[in-house]
Protein chains: 2
Amino acid sequence: MGKHCQWRERLQKKGYRLTIPREVIIEVLRNSTSHLSAEDIYMELHKKYPAIGLTTIYRTLELLVQMKIIVKFDFGDRRSRYELSEKYGMKKHHHHLICSQCTKIIDYTDFINEELELIEKTEKRLMKKYNFSITSHVISFTGICLECKKDQT
Amino acid sequence: MGKHCQWRERLQKKGYRLTIPREVIIEVLRNSTSHLSAEDIYMELHKKYPAIGLTTIYRTLELLVQMKIIVKFDFGDRRSRYELSEKYGMKKHHHHLICSQCTKIIDYTDFINEELELIEKTEKRLMKKYNFSITSHVISFTGICLECKKDQT
DNA sequence: ATTGGCAGTGACAATCATTCTCAATTCTTT
DNA sequence: AAAGAATTGAGAATGATTGTCACTGCCAAT
């Protein structure tokens with residue numbers, strides 16, 4: 001078992017219980033190729049666990065974000081999306097490529113080291129200058145993907 | 001008159017009319033220190049132009065985004081925010097520093113050249129690899145600002 | 001100058017993701 | 001088993017955004 005299982009301990013240490021919804025929501029996030037919305041997760045679970053309500057999904061996601069077990073993203077499509085944070089998931093750090101037409105999102109991990117180096121340097125300088133504790137960053141590129149480019153004659 | 005006035009030509013060339021709402025919405029964006037939401041703009045205008053409705057604000061903003069005269073941002077507070085794009089505004093290119101507590105947003109222009117150089121290089125490589133026309137990028141850092149840090153004893 | 005047509009508009013209704021409320025249920029610890 | 005707290009689900013409420021529709025104002029052709 002790698003680090004990615006320690007979320008249980010993490011929750012319990014804070015007095016939260018391990019419940020079915022929490023188990024399976026994390027499971028869904030782990031098995032997916034990411035960027036699921038609350039509704040996506042609900043749909044996915046509904047097959048096997050019809051008893052779990054959407055409200056619970058939202059509540060659980062909020063808790064997990066707060067515990068930094070998952071990360072919440074806002075790509076411009078008016079709904080939040082979630083993915084396991086690196087520490088608890090198996091995915092490598094990545095950034096996003098967003099198609100503004102079909103809102104498809106591509107994760108890329110290329111050239112990431114170079115980016116991260118710069119980011120780290122920048123973070124340090126910004127924290128000092130603006131007295132700001134930086135906890136995370138977002139880098140994303142927006143544009144038009146191949147398929148959408150084809151479509152627009 | 002600098003480039004920042006050419007949005008009129010831009011609209012007209014596409015067959016759109018120059019109307020009061022369009023004029024004043026751009027004016028508000030130009031005079032503000034940015035990141036206004038649709039409602040912010042509505043409030044601002046309502047004093048002098050009570051006849052302009054919120055719907056028109058939304059419609060105009062959508063049009064201006066489409067024309068790339070303004071840029072739409074989604075910081076995680078569940079409402080879109082807008083700023084003039086560089087080409088039509090006077091602001092220098094900048095990135096964002098977001099406080100996750102009070103949602104205050106700091107624009108920073110420091111170290112931006114270094115960042116842009118890397119970004120440009122990365123964009124080129126990504127476009128090639130993923131067959132993706134990149135039109136814009138977002139870099140933002142999230143964290144806790146000085147004031148909020150103080151508050152949380 | 002009239003008219004036809006369409007861009008532009010505002011009030012209001014509708015939508016949709018998310019949050020709130022509250023009563024019921026399930027743990028955990030006695 | 002019982003108390004007390006955490007967790008839950010259904011449904012209502014919220015709030016930003018979008019859709020509808022009738023009305024207005026502008027421009028071009030007659």
Side-chain angles (χ1 to χ4, degrees), chain A residues 7-26 28 35-67 69-82 100 103, chain B residues 7-26 28 35-67 69-82 100 103:
Chain A
W7 63 269
R8 296 165 208 268
E9 287 75 16
R10 186 108 197 241
L11 280 190
Q12 287 188 306
K13 210 173 287 175
K14 289 269 186 180
Y16 296 110
R17 297 187 193 150
L18 293 179
T19 64
I20 302 290
R22 286 169 189 174
E23 288 279 353
V24 296
I25 286 171
I26 291 207
V28 168
H35 315 126
L36 297 181
S37 65
E39 180 112 28
D40 290 339
I41 296 171
Y42 176 73
M43 292 307 198
E44 187 62 29
L45 289 183
H46 200 66
K47 308 173 203 159
K48 290 189 70 174
Y49 304 88
I52 299 176
L54 190 52
T55 311
T56 300
I57 310 273
Y58 275 109
R59 260 187 309 231
T60 304
L61 290 171
E62 190 191 351
L63 174 66
L64 294 175
V65 166
Q66 204 186 286
M67 302 292 288
I69 291 167
I70 65 176
V71 183
K72 182 177 182 176
F73 286 95
D74 262 288
F75 307 113
D77 69 341
R78 200 135 310 290
R79 72 181 64 199
S80 298
R81 296 181 174 276
Y82 303 84
S100 57
T103 71
Chain B
W7 63 269
R8 296 165 207 268
E9 287 75 14
R10 186 105 196 244
L11 282 189
Q12 287 189 306
K13 209 172 289 176
K14 289 269 186 180
Y16 296 110
R17 298 189 192 147
L18 294 180
T19 64
I20 302 289
R22 289 170 188 173
E23 288 278 353
V24 294
I25 287 171
I26 291 207
V28 167
H35 314 127
L36 298 181
S37 65
E39 180 111 31
D40 290 338
I41 295 170
Y42 177 73
M43 293 306 198
E44 186 64 30
L45 288 185
H46 201 67
K47 308 172 204 159
K48 289 189 71 173
Y49 303 88
I52 299 177
L54 190 51
T55 310
T56 300
I57 309 274
Y58 276 108
R59 260 187 310 232
T60 304
L61 290 172
E62 191 192 349
L63 173 67
L64 294 175
V65 166
Q66 202 187 288
M67 301 293 286
I69 291 167
I70 65 177
V71 183
K72 181 177 181 177
F73 285 96
D74 261 287
F75 307 114
D77 69 342
R78 204 138 303 294
R79 73 180 63 200
S80 297
R81 296 179 173 279
Y82 303 84
S100 56
T103 71

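First the proteins, then the strands, lettered A, B, ... as listed; each starts at 1. Everything numeric in this text was worked out from a predicted model, so none of it was measured.
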Could you list the residues that satisfy side chain to side chain contact (heavy atoms under 4.5 Å, CB included) with [X], not counting sequence neighbours?
X       : result
B/Met43 : B/Glu39
B/Tyr42 : B/His46, B/Leu54, B/Ile57
A/Thr60 : A/Arg22, A/Ile25, A/Thr56, A/Leu64
A/Lys14 : A/Tyr16, A/Met67

Rounded distance (Å) that lies between atom [atom2] of [N] and atom [atom1] of [X]:
X       : N      : atom1 : atom2 : value
A/Gln12 : C/dT29 : CD    : P     : 10 Å
A/Arg22 : C/dC27 : CZ    : C1'   : 12 Å
B/Asp77 : D/dA16 : CG    : P     : 10 Å
B/Ile57 : D/dT17 : CD1   : C1'   : 13 Å
A/Leu61 : D/dT7  : CG    : C1'   : 15 Å
B/Asp74 : D/dA16 : CG    : P     : 14 Å
B/Leu63 : C/dG8  : CG    : P     : 7 Å
A/Leu18 : D/dT8  : CG    : P     : 11 Å

Is any side-chain heavy atom of A/Val65 less than 4.5 Å from a side-chain heavy atom of A/Tyr82?
->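 A side-chain contact exists here, since the closest heavy-atom pair is under 4.5 Å.
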Pairs where residues 40-54 of chain A contributes a residue and the test salt bridge (charged side-chain N to carboxylate O under 4.0 Å, His left out) is met, not counting sequence neighbours =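 Qualifying pairs, neighbours excluded: A/Asp40-A/Arg81, A/Glu44-A/Lys47.
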With 3.5 Å as the limit, what N/O pairs link the protein to nucleotides 22-27 of chain D?
none

Identify the two heavy atoms, one from A/Ile52 and one from A/Pro21, that lie closest to each other, and give their separation to 0.1 Å.
->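 Looking at all heavy atoms of both residues, the closest pair is CD1-CA, 3.9 Å.
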Name all residues meeting the salt bridge (Lys or Arg N to Asp or Glu O under 4.0 Å) criterion together with A/Glu62; count only those two or more places apart in sequence or in a different chain, and write none if there are none.
->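 Once residues adjacent in sequence are excluded, A/Glu62 has no partner under the salt bridge (Lys or Arg N to Asp or Glu O under 4.0 Å) criterion.
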Salt bridge (Lys or Arg N to Asp or Glu O under 4.0 Å) partners of A/Arg79, counting only residues at least two apart =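 In terms of salt bridge (Lys or Arg N to Asp or Glu O under 4.0 Å), with neighbours along the sequence ignored, A/Arg79 is linked to no residue.
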Can you check nucleotides 17-24 of chain C for protein contacts, nitrogen or oxygen pairs under 3.5 Å, and list what you find?
from: C/dA17; atom 1: OP1; to: A/Arg79; atom 2: NH2; distance (Å): 2.8
from: C/dT18; atom 1: OP1; to: A/Ser80; atom 2: N; distance (Å): 2.7
from: C/dT18; atom 1: OP1; to: A/Ser80; atom 2: OG; distance (Å): 3.4
from: C/dT18; atom 1: OP2; to: A/Tyr58; atom 2: OH; distance (Å): 2.3
from: C/dT18; atom 1: O5'; to: A/Tyr58; atom 2: OH; distance (Å): 3.2

